[in-house]
Amino acid sequence: MPVAVDTPAPGFRLAATGAGAVGLDDLLRGGPAAVMFVTDDCPTCELALRRLAGTEVDVTVVCEAAAAGAARLAQRTGFGGRMLVEPAPYDTSRAYGLEAVPTTVVIAADGRVAETVVGWDAPALSRLLGTPLGDRPPLRKPGCAAKSTYDAVQLAADAAGEGDDPEAMYELGWTDGLPTIAPTPERVAAMLAGRDPHASLGPVPPGMGEATLERLAACAVLAGCRPEHFAVVAASAEAMLVPDFNLHGQAVTTQPAGQIAVVNGPVRHAAGLNAGMGALGPGTRANATIGRALRLLVSLTGEGMPGRLDRSTLGNPGKVGMCVAEHEERSPWPPLHVERGFAAGASVVTMFAGDAPLSISEHRSGTPEQLAAALGWAAATLWAPNWWPIGAATLFVICPEHADTLAGGGLSKDDVRRAIYEAVRRPAGALRHGEFTARVAAAADDEPIPKWDSPDDISLIVAGGEAGRFSAVFGPCVGMDWTPISREVR
Amino acid sequence: MNYVSPYDPAARTPVEPAPRPDSLAGRTVALLDISKNRGAEFLDRIEARVRELGAEVERYRKPLFSRPASGELIERIAARADVCIEALAD
């Protein structure tokens, strides 16, 4: 119960948000004092302070918060009056028997409590403080529990018990190192949106745990996906479990490669994928979480956890998850899925294996052929400087300005592929250093060796912001006998 | 708290390895080359050492290091050999 009227008001001395400290004695020196207790997380307190801001009311606010929280509250509400900081364990609030905030206590000059108002009550406070506080609704609004009435730490612990504790996920090992969202039955059901939870996409290498849709949905929840992302996650998982993708080899190799999902078609918009500025991330939930869900499927359901069955020497930051959407609307060429035989209006995901993206800055090339050669030569050291040909599919992401230059010069996607393929060659004799291929070993010194076996090993998509001449190429995953796999998103 | 596990319990059941033989003398040892670079060189040395211990040696090879051995190959080795040694090299 709040301190009763006519009983002595408990003394206090608290730090002010500006500087110095203020005690009750200081406040009473000029006569009666009004003290309003607030917290930094109560909407009604914010309302009260906004209404008080700019008035002539002489009220001292005592804020149950750390100094920074109190200062932020003053800033948010525009309250420029005197504010004192009452940090945990809130001794002053307890002494005043505070139950709710805001609570306004008027203390007479003799130090006794004259009157108390709980909550926002404009008429009562106008009278109490001797200043009209206006008649804008709401005139009355209850507040929140004072922080002194509950144990904030215990409250957080209780909430954790309700399934929102990242620490619990860490203890279970259901993480890639970043916090994950607890896959409660309710969240998993929402992710599934009526799909059969027991339907199976097959075993996930390397540990061969079975990918039921329910387990896949659990991975999607953990990753932070929303239900509208799940169709892309499911189609991607289906694609990467096709044996020709050789997920087994990718999952256990000492190479850094992870799995890259390239998304085409209308589902890019439905899922909220970003194909424009910053397309390779970070910044967009759909891109970040869809790629992450796929990696969690490999790491958890598939048991391919880095450092255990995943033996990658270094890994790569893109292995947390990599999902790229092609900027079809900005591309001068047919999109990847159309090149791969799907209808233009279809939504399709194509899975690649690859290392981190290498940025290619190229601002000066005068002709499309020069630009294509520059893009190709930037990729010449991929895998290893003398490893020619690479012998694996290589994914280039062409930025819009580069695409304009290439297409403006009349080059089709096939022309660009061929230009890259034709440009990047070195004589075998120059490649016989350190690690080199059997083809280089067997060739005459002056035989030109291309970086790729064929133009068909070069995949091109367009993505990125309008401004800037920065394309990228993903380092390839070599020696795995994998091929890109596409699946329609349904 | 009740969570939906991303794991498949069936894939997490530990499998006991077969007991190690006390001696290789008179046993048949399968040497499996996984087609990793220079794996055969390594197995040549192993073969010499194992023969010194009195074992018979049979050599096997799977086509690609990054794919699991086929069920057929595993069964063939299991039917003929007492011990299998697999080489990882580079």
Side-chain angles (χ1 to χ4, degrees), chain A residues 160-165 168-169 172-174 180 182-189 191-192 197 200 203-212 214-223 243 246 248-255 293 296-297 299-303 311 435 477-482, chain B residues 1-20 29-47 59-81 83-90:
Chain A
E162 289 160 20
D164 263 324
D165 182 11
M169 297 298 101
L172 288 164
W174 298 1
T180 46
T184 58
E186 296 77 17
R187 287 175 178 148
V188 169
M191 191 64 68
L192 284 167
S200 175
V204 185
M208 308 312 266
E210 190 181 359
T212 62
E214 186 176 58
R215 291 185 188 125
L216 182 63
C219 291
V221 171
L222 285 162
N246 194 8
H248 177 91
Q250 298 171 32
V252 299
T253 180
T254 44
Q255 292 182 40
L296 287 173
L297 180 74
S299 304
L300 301 174
T301 314
E303 308 280 346
R311 310 303 292 170
E435 187 179 46
C477 178
V478 173
M480 296 288 158
D481 188 32
W482 68 276
Chain B
M1 186 62 207
N2 184 23
Y3 301 123
V4 177
S5 173
Y7 290 125
D8 178 356
R12 315 212 95 202
T13 310
V15 178
E16 283 295 316
R20 289 173 76 95
V29 176
L31 301 182
L32 175 60
D33 178 356
I34 66 168
S35 297
K36 191 91 169 150
N37 194 28
R38 302 185 64 191
E41 281 178 50
F42 178 55
L43 285 178
D44 288 345
R45 294 289 299 276
I46 296 289
E47 178 170 351
R59 298 283 289 255
Y60 296 87
R61 191 167 190 272
K62 67 171 185 166
L64 186 68
F65 61 86
S66 66
R67 289 185 190 275
S70 68
E72 182 273 326
L73 178 60
I74 293 170
E75 282 169 23
R76 192 148 48 95
I77 292 172
R80 294 183 55 90
V83 171
C84 180
I85 298 173
E86 188 172 326
L88 180 68
D90 238 343

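Scope of the values below: all heavy atoms of this structure, side chains included, with no hydrogens, waters or symmetry mates.
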> So which heavy atom on S5(B) is nearest to which on W174(A), and how close?
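For S5(B) and W174(A), the tightest heavy-atom pair comes out as CA-CH2, 3.5 Å.
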> Please identify, among G479(A), P206(A), G207(A), A211(A), the residue contributing the most non-hydrogen atom pairs under 4.5 Å to chain B.
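Winner by heavy-atom pair count: G479(A).
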> Heavy atoms, side chains only, cut-off 4.5 Å: are S66(B) and T253(A) in contact?
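A side-chain contact under 4.5 Å is absent here.
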> If you count the non-hydrogen atoms of other residues, nucleotides and ligands that lie under 6.0 Å from CZ in R59(B), is the total more than 12?
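Yes, enclosed.
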> At a heavy-atom separation under 4.5 Å, does L222(A) approach chain B through its side chain, its backbone, both, or neither?
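L222(A) touches chain B through side-chain heavy atoms alone.
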> What closest approach, in Å, do V4(B) and P185(A) show between heavy atoms, and which atom pair accounts for it?
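Scanning both residues completely, I find the closest heavy atoms to be CG2-CA, 3.9 Å.
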> Please classify the contact between M480(A) and chain B as side chain, backbone, both or neither, with a heavy-atom cut-off of under 4.5 Å.
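Both backbone and side chain of M480(A) come within 4.5 Å of chain B.
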> Can you name the nearest heavy-atom pair linking D8(B) to E210(A), along with the distance?
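Shortest heavy-atom contact: OD2-N, 2.8 Å.
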> Which region of E303(A), side chain (C-beta onward) or backbone (N, CA, C, O), has a non-hydrogen atom less than 4.5 Å from a non-hydrogen atom of chain B, or is it both or neither?
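Side chain only.
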> So which heavy atom on L172(A) is nearest to which on Y7(B), and how close?
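Result for this residue pair: O-OH, 4.4 Å.
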> With rounding to the nearest 0.5 angstrom, report the CZ to CG distance, R311(A) to L88(B).
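Here the rounded value is 10.5 Å.
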> Based on non-hydrogen pairs under 4.5 Å, which of A10(B), P68(B), P9(B) is most in contact with chain A?
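Of A10(B), P68(B), P9(B), P68(B) has the most heavy-atom pairs under 4.5 Å with chain A.
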